[in-house]
Amino acid sequence: MILLYVIFSVYILAVNFYAVLLIKSQRDNYGENNNKPSGDGKLILTAILGGAIALYVSMFVMRYRINNLLLMILLPVIAVLNVWFFYLAYRSGFTFFVVA
């Protein structure tokens with residue numbers, strides 16, 4: 001059982017680390033090429049997979065696309081759902097993942 005907690009915690013940390021790197025890379029690429037920013041698909045997918053809090057915080061820290069209304073509304077909603085899901089997973093001991 002402890003192994004599941006460790007694996008899930010590492011997963012959460014990895015997704016949040018990837019989210020920060022994604023914001024940083026998109027910000028750097030936007031500055032160099034003077035192109036439009038890439039689609040919001042990668043950002044939203046990363047948020048759904050568990051990186052919504054890191055995306056939201058890093059967008060403010062790096063001042064990247066904070067005028068985008070879709071991301072400013074959607075990311076906090078997904079973050080609340082992520083926290084709720086993580087809480088349920090830890091509280092239940094991952095019993096809903098175990099198939100008998």
Side-chain angles (χ1 to χ4, degrees):
M1 187 59 69
I2 298 291
L3 182 62
L4 284 175
Y5 285 112
V6 171
I7 290 172
F8 197 63
S9 298
V10 168
Y11 168 77
I12 292 169
L13 290 173
V15 169
N16 283 296
F17 183 69
Y18 173 73
V20 172
L21 291 179
L22 181 64
I23 289 290
K24 185 180 180 322
S25 70
Q26 284 194 1
R27 184 199 63 181
D28 293 344
N29 290 339
Y30 178 65
E32 290 175 1
N33 300 333
N34 293 330
N35 295 339
K36 292 171 56 177
S38 62
D40 296 336
K42 285 183 186 178
L43 297 175
I44 293 173
L45 180 63
T46 305
I48 290 172
L49 291 176
I53 294 173
L55 280 174
Y56 195 67
V57 169
S58 62
M59 284 176 68
F60 280 104
V61 169
M62 297 181 198
R63 296 231 180 258
Y64 178 72
R65 297 183 69 183
I66 54 178
N67 294 333
N68 190 338
L69 188 61
L70 172 70
L71 292 177
M72 290 296 113
I73 292 174
L74 191 61
L75 285 180
V77 171
I78 295 174
V80 168
L81 292 174
N82 283 340
V83 169
W84 181 64
F85 175 72
F86 296 153
Y87 171 73
L88 287 179
Y90 279 113
R91 184 174 153 223
S92 70
F94 300 99
T95 55
F96 56 89
F97 288 123
V98 178
V99 177

Do S58 and Y64 have side-chain atoms, one donor and one acceptor, less than 3.5 Å apart?
-> no

Which other residues belong to the hydrophobic cluster containing L3, where Ile, Leu, Val, Met, Phe, Trp and Tyr are joined when side-chain heavy atoms lie under 4.5 Å apart, directly or via other members?
-> I7

May I have the list of side-chain donor-acceptor pairs in residues 78-88 shorter than 3.5 Å, sequence neighbours left out?
unit_1	atom_1	unit_2	atom_2	d
N82	ND2	A47	O	2.9

Say whether L4 and Y90 are linked into one hydrophobic cluster, either directly or through other cluster members, by side-chain heavy-atom distances under 4.5 angstrom.
-> yes

Is M72 reachable from M62 through a run of hydrophobic residues whose side-chain heavy atoms are each under 4.5 Å from the next?
-> yes

By ring pair (Phe, Tyr, Trp, His ring centres under 6.0 Å) - contacts of F60 (at least two apart) | Y56

Test side chain to side chain contact (heavy atoms under 4.5 Å, CB included) applied to M59 and N68, step by step = CA-CA 11 Å; M59 284 176 68; N68 190 338; 5.5 Å; no

Same apolar cluster (I L V M F W Y, side chains within < 4.5 Å links), L22/I66 | yes

Distance in Å, D40 CG paired with R65 CZ, rounded so as to fall on 0.5 Å steps | 4.0 Å

Rounded to the nearest 0.5 Å, what's the gap from CG on L55 to CG on L71? Could you check?
-> 8.5 Å

Heavy-atom side-chain proximity of I44 to L70 below 4.5 angstrom | yes

Which atom pair, heavy atoms only, marks the closest approach of V20 to A54?
-> CG2-CB, 4.0 Å

Going only through I, L, V, M, F, W and Y residues with side-chain contacts under 4.5 Å, is there a path from I48 to I23?
-> yes

Any side chain to side chain donor-acceptor pair (under 3.5 Å) involving residues 14-24? Give me the pairs, sequence neighbours left out, ordered by first then second residue.
-> K24-D28

Check which hydrophobic residues are tied to I73 through side-chain heavy-atom contacts below 4.5 Å, counting indirect links as well, and list them.
-> L69

Linking I/L/V/M/F/W/Y whenever any side-chain heavy atoms sit under 4.5 Å apart, do L13 and Y5 land together?
-> no

